[in-house]
Amino acid sequence: MRPAPTILHLDMDAFYASAEQAAKPSLRGKAVVVGGLGPRGVVATASYEARRLGVHSAMPTAQARRLAPNAAYLVPRFSLYRTVSDQVMELLGRLSPLVEPLSLDEAFVDLEAGGTADDSASARATGEGLRAAIHAVTGLSGSVGLAGSKMLAKIASEEAKPDGLLLIEPGTERELLAPMPVRILPGVGPATGDHLRRAGMTTVHDLAEAGEAELVRLVGKAHGHGLYRMALGLDDRPVVAERDAKSVSVEDTFDVDLHDRVRVRAEVERLAVRCVERLRAADRSGRTVVLKVRRYDFSTLTRSETLRGPTDDPTVVREAAGRLLESVDTTGGVRLLGVGVTGLADYTQEDLFAQAADARELAQRAQEHSSAPVEGGEEGVPEPEPDSAELLAARSWPAGHDVHHEEHGHGWVQGSGVGRVTVRFEEPWSAPGRVLTFRVDDPLLRPADPLPLVRDAADYSSWPASLPKSRSGADSSGGGESSP
């Protein structure tokens with residue numbers, strides 16, 4: 001534990017949904033749900049307006065529609081979210097060389113290492129300055145927690161939501177934690193929480209009073225020891241700038257189970273290419289290819305193949321995933337497919353001769369397969385059944401994604417189906433726009449890139465030079481006070 005609250009935790013407020021509201025004036029102040037929109041879709045993020053109706057992350061979209069039938073349901077736009085995330089992380093990087101990103105919208109910052117805070121007053125000023133900078137640059141809000149440890153800083157930012165700041169003064173940790181539910185502590189999930197509840201422990205105070213020996217008896221030595229320390233507010237974990245990824249993967253859940261073997265193979269190959277794109281974007285390569293298949297009965301199978309060396313070649317990964325698929329029975333139907341790469345490295349080490357031999361072998365096997373008769377039909381591999389026009393329209397014009405019309409300008413897709421696509425024409429800085437409907441093949445309509453959320457962002461190029469970097473002598477009392 002540090003003697004000053006110089007660890008900062010930033011958590012953007014309802015990040016995906018807030019970004020969509022900022023980009024779409026007609027959705028501001030309204031319920032917005034971002035996630036998969038099919039029958040098996042899952043909510044990624046819900047706006048605070050939707051949360052008040054009972055919608056939350058990881059909820060099935062079908063259930064969310066029952067709770068909030070009038071909400072706007074949008075497909076995620078990750079290119080926009082990554083752009084905004086880069087802007088936020090760049091601001092954090094100005095505060096300290098020690099920034100530990102946890103996701104696109106969440107990170108720890110060691111303010112002491114950056115010289116931007118060494119006491120409560122300077123930490124609070126830095127936190128407020130950060131919130132102002134984020135709003136000026138991105139148009140979005142974030143909640144900030146400040147404390148002497150990572151655990152408490154994260155708890156503080158959660159308590160400060162939405163759009164607030166909470167500073168926990170050193171020495172007040174136990175008093176603050178005592179009445180909180182045990183689930184507030186890291187590592188206490190539903191199962192552990194229920195186990196502790198049955199033992200009569202529902203608050204952090206109960207854990208501290210029970211003592212380390214009793215917690216060890218209930219949940220085991222390693223978990224019990226850590227749980228007791230957290231209940232006392234003790235956490236010595238440092239902020240780590242480099243969090244090395246162990247794997248890169250992509251997966252898709254299908255609205256309808258896939259039965260056609262050729263379609264399954266095509267989806268695996270498509271996922272393999274997407275996986276390599278992410279791998280290359282991270283400037284990494286990997287040695288082990290992993291295939292994940294969830295079947296119609298929810299049973300999940302994984303298969304892996306280790307290559308001769310690390311690779312970022314889409315052909316190599318695609319063919320390896322295809323070979324793994326051959327060992328999986330998909331007769332009853334497939335509801336989810338995933339392709340991943342593990343054993344990451346910063347270099348490639350390809351055996352080109354071996355790869356050429358593998359390619360020749362694969363080509364020969366493919367030729368043999370294509371010449372084999374197919375039961376009940378002509379020779380050759382059958383073509384997969386074409387997707388319905390409505391499904392193709394949904395893929396071409398996802399709800400919420402950007403479009404541009406040569407006559408009407410920039411807009412976003414409100415919905416599509418029956419050969420039509422409905423577009424609302426507006427920009428982040430305009431008034432709510434009008435709605436028009438077009439044929440899905442209208443030659444004047446095309447997909448577009450997202451617009452910036454702030455057209456004339458304030459100049460923060462010199463920030464945070466004006467922030468206090470040493471003890472200011474200002475009143476540093478008020479630990480636990482929230483600033484809206």
Side-chain angles (χ1 to χ4, degrees), residues 10 12-37 44-50 71-92 103-105 131-142 162-163 277 281 393-416 420-438 440 442-461 463:
L10 170 73
M12 300 296 288
D13 299 322
F15 183 46
Y16 297 171
S18 294
E20 297 297 348
Q21 289 176 317
K24 302 172 172 64
S26 59
L27 297 185
R28 292 170 190 168
K30 298 181 180 179
V32 174
V33 178
V34 180
L37 304 189
T45 307
S47 69
Y48 285 99
E49 296 85 355
Y73 289 84
L74 309 175
V75 176
R77 295 188 297 161
F78 288 107
S79 60
L80 170 65
Y81 310 148
R82 290 190 186 97
T83 298
V84 177
S85 176
D86 289 344
Q87 293 176 311
V88 172
M89 296 302 167
E90 195 273 334
L91 291 173
L92 296 181
S103 62
L104 289 176
D105 63 332
R131 293 175 60 230
I134 288 173
H135 187 269
V137 172
T138 71
L140 304 181
S141 67
D163 193 18
E277 289 174 352
R395 288 180 176 175
S396 301
W397 307 106
H401 280 226
D402 299 84
V403 296
H404 182 85
H405 193 277
E406 291 187 13
E407 294 181 2
H408 304 290
H410 188 90
W412 57 278
V413 176
Q414 281 200 326
S416 61
R420 299 287 188 272
V421 55
T422 300
V423 178
R424 182 181 286 273
F425 290 96
E426 60 186 5
E427 297 174 335
W429 41 81
S430 72
R434 60 176 178 169
V435 178
L436 298 173
T437 299
F438 308 89
V440 294
D442 189 319
L444 301 182
L445 187 69
R446 59 176 174 79
D449 293 327
L451 296 175
L453 300 182
V454 178
R455 180 167 55 179
D456 299 315
D459 183 10
Y460 269 76
S461 57
W463 184 83

Just how far is it from atom OG of Ser85 to atom CG of Leu92, taken to the nearest 0.5 Å? 9.0 Å

Testing the basics here: between Val33 and Ala71, what is the closest heavy-atom pair and its distance to 0.1 Å? CG2-CB, 4.2 Å

For His405, all residues meeting ring-ring contact (aromatic ring centres under 6.0 Å, His included), sequence neighbours excluded: His408, Phe438

Is the shortest side-chain heavy-atom distance between Pro25 and Ser430 below 4.5 Å? yes

Measure the spacing between CG of Leu104 and CE of Met89 and express it to the nearest 0.5 Å. 7.0 Å

May I ask you to decide if Val403's main-chain N or O and Arg446's side chain share a donor-acceptor pair within less than 3.5 Å? no

From His404 NE2 over to Leu444 CG, what is the distance, rounded to the nearest 0.5 angstrom? 10.0 Å

Beyond-backbone contact of Trp412 with Leu27, side-chain heavy atoms, under 4.5 angstrom: yes

Going from CG on Asp402 to CG on Leu80, what distance comes out if it is rounded to the nearest 0.5 angstrom? 7.5 Å

Which heavy-atom pair separates Gln21 from Ser47 by the least distance, and what is that distance? NE2-CB, 3.7 Å

Restricting to salt bridge (charged side-chain N to carboxylate O under 4.0 Å, His left out), what partner residues turn up for Glu90, sequence neighbours left out? Arg94

On a heavy-atom basis, which atom in Ala23 and which in Leu453 lie closest, and how many Å separate them? CB-CD2, 3.6 Å

For Tyr81, which residues count as a ring-ring contact (aromatic ring centres under 6.0 Å, His included) partner, sequence neighbours excluded? Tyr16, Phe78

So, for Leu37 and Ala399, which heavy atoms are closest and what is the spacing to 0.1 Å? CD1-CB, 3.8 Å

Between Ser18 and Asp13, is any side-chain donor less than 3.5 angstrom from a side-chain acceptor? no

Atom NZ of Lys24 and atom CD of Gln414: how far apart are they, to the nearest 0.5 Å? 10.0 Å

Using modelled atom types only, decide if a donor and an acceptor are shared between the side chain of Trp397 and the backbone of Val413 within a distance under 3.5 Å. no

Sub-4.5 Å side-chain heavy-atom contact between Ile134 and Met12: yes

Identify which one of Leu451, Val454, Asp456 satisfies the side-chain contact (heavy atoms from CB on, under 4.5 Å) criterion when paired with Trp429. Leu451

When you look at CG of Asp86, are more than 12 heavy atoms from neighbouring residues, nucleotides or ligands closer to it than 6.0 Å? yes

Heavy-atom nearest pair, Asp449 first then His410, reads O-CE1, 3.5 Å

For a 4.5 angstrom cut-off between non-hydrogen side-chain atoms, does Thr437 reach Thr422? yes

Do Ser141 and Pro162 have side chains that approach each other closer than 4.5 Å (heavy atoms only, starting at C-beta)? no

How far does CZ of Phe15 sit from CG of Leu140, to the nearest 0.5 angstrom? 6.5 Å

Looking at every heavy atom in both Ser26 and Arg424, which two are closest together, and how far apart are they? OG-CD, 3.0 Å

